[in-house]
Undergrad: 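Mind looking over this structure? Questions follow.
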Amino acid sequence: MSHWTEMKKDELDRQYSPSRWSHRMSADDVIKAHVKALKEGTDQARGLAQTLLNVPYGDGDGEKLDVYIPSTNSLDVHLVIYLHGGYWQFLSKEESGFMAVPLVDKGVVVVAVGYDIAPKGNMDLMVSQVRRSVVSVVQQYSHISGLYLCGHSAGAHLAAMVLSTDWSQYTITPQIKGAFLVSGIYDLLPILSTYVNEPLKMTEYVSPACKPCRNQCLLFCVYVLYIYINLFLLPLKTLEATGLHVTMEDVANTDHFSIIEQLVDGEYHLTKLLLKMMGKS
Ligand SMILES: N[C@@H](CC(=O)c1ccccc1NC=O)C(=O)O
């Protein structure tokens with residue numbers, strides 16, 4: 001495969017269209033099925049778990065999060081913050097509680113963060129929102145014994161941006177014990193000239209600033225290897241060079257969408273891996 005700098009726009013657009021790489025269904029159908037699966041999973045979690053919905057973490061309309069709470073009296077409670085995907089322009093927290101049931105069952109609190117997707121929000125705002133959401137969660141749940149991040153696709157990028165935050169500008173420094181980054185995109189430069197950037201309107205000035213490369217606390221790192229193999233491997237090497245404990249998991253028989261949808265299932269390999277990261281297996 002040629003390097004992205006040598007690709008014509010059509011080809012780059014195709015490479016950055018995960019729906020067109022699914023072997024399960026047509027591009028349109030895979031997206032429809034994805035949104036449906038996430039929504040149904042979230043509705044189910046809202047029915048089964050105790051919840052606190054629309055908790056503000058800032059003054060903006062979009063600065064709200066949902067909390068899925070286990071019924072446990074244990075003091076050793078772990079909390080995972082989920083940052084949804086959707087190329088920073090699709091999805092919301094309303095479809096982002098789908099993985100809560102198997103985690104809540106194991107006594108883990110799940111927080112699904114809402115942020116202002118494009119065109120309402122731009123990259124700087126989204127990065128600032130997810131960072132502030134983490135600070136707010138730590139302030140509200142100071143008793144938790146372990147804070148973890150999970151993100152899919154664009155949400156994995158945002159999670160990596162959280163990990164690379166200079167917390168000296170914030171009131172507290174969250175102690176993030178691990179991050180579970182699923183099928184993320186970590187280099188924004190190649191997408192500047194693609195359709196993905198149309199609502200985002202990122203410039204070359206924004207993009208390097210939003211490239212997560214510094215990281216202090218990554219324990220587990222999950223990628224799916226299929227199309228952009230070279231782009232995915234790059235941050236892994238960068239992270240390892242900093243002396244972090246980074247694990248890469250190559251998940252068989254999946255695609256960009258099913259890899260995260262299946263977190264509704266407690267028996268799914270990645271659900272078990274996420275629980276293992278939190279010492280809950
Ligand atoms: N144009 C993108 C659309 C996409 O990524 C997407 C669309 C709706 C909901 C979620 C999406 N991506 C999730 O990671 C694609 O071809 O897959």
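Computed from a predicted model, the values in this text were never measured in an experiment. Both counts, for ligands and for their atoms, begin at 1 and track the order of listing.
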Undergrad: Provide the number and element of each atom of ligand 1 under 4.0 Å from a heavy atom of His256.
TA: 14 (O)
Undergrad: Would you compute the distance between atom CZ of Phe257 and atom OG of Ser183 and round it to the nearest 0.5 angstrom?
TA: 8.5 Å
Undergrad: Are Phe98 and Tyr82, when compared by the centres of their aromatic rings, separated by less than 6.0 Å?
TA: yes
Undergrad: Taking the non-hydrogen atoms of Ala27, is any one of them nearer than 4.0 angstrom to ligand 1?
TA: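 Not so, Ala27 does not reach ligand 1.
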Undergrad: Just need the protein heavy atom nearest to atom 5 (O) of ligand 1, so name the residue and atom and give the distance.
TA: Tyr87 CD1, 3.6 Å
Undergrad: Is any side-chain N of the basic residue among Glu11 and Arg14 closer than 4.0 Å to the acidic one's carboxylate O?
TA: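 A salt bridge links Glu11 with Arg14.
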Undergrad: Can you tell me if Gln44 has over 12 outside heavy atoms packed within less than 6.0 Å of its CD?
TA: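 Counting neighbours around CD of Gln44, 12 or fewer heavy atoms of other residues, nucleotides or ligands fall under 6.0 Å, so no.
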Undergrad: Below 6.0 angstrom between ring centroids: does that apply to His34 and His256?
TA: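 No.
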Undergrad: Any salt bridge between Lys39 and Asp43, counting N to O under 4.0 Å?
TA: yes
Undergrad: Does ligand 1 have a heavy atom under 4.0 Å from the side chain of Arg20, from its backbone, from both, or from neither?
TA: neither
Undergrad: Using a strict 4.0 Å cut-off to heavy atoms of Tyr195, name the atoms of ligand 1 that fall inside it.
TA: 1 (N), 2 (C), 15 (C), 16 (O)
Undergrad: Any atoms of ligand 1 less than 4.0 Å from a non-hydrogen atom of Phe257? List them with their elements.
TA: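 In order of numbering, the contacting atoms are 11 (C), 12 (N), 13 (C), 17 (O).
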Undergrad: Which of the numbered atoms in ligand 1 are under 4.0 angstrom from any heavy atom belonging to Ser19?
TA: 15 (C), 16 (O), 17 (O)
Undergrad: Enumerate the atoms of ligand 1 whose separation from the nearest heavy atom of Ser153 is less than 4.0 angstrom.
TA: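 Contacts of ligand 1 toward Ser153, numbered from 1: 14 (O).
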Undergrad: Note the single closest protein heavy atom to atom 3 (C) of ligand 1, along with its residue, its atom name and the distance in Å.
TA: Ile31 CD1, 3.6 Å
Undergrad: In terms of side-chain geometry, is the basic nitrogen of Arg46 or Glu94 positioned less than 4.0 Å from the acidic oxygen of its partner?
TA: yes
Undergrad: Please list the nearest protein heavy atom to atom 7 (C) of ligand 1 with its residue and the distance rounded to 0.1 Å.
TA: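 Answer for atom 7 (C) of ligand 1: Phe90 CD1, 3.4 Å.
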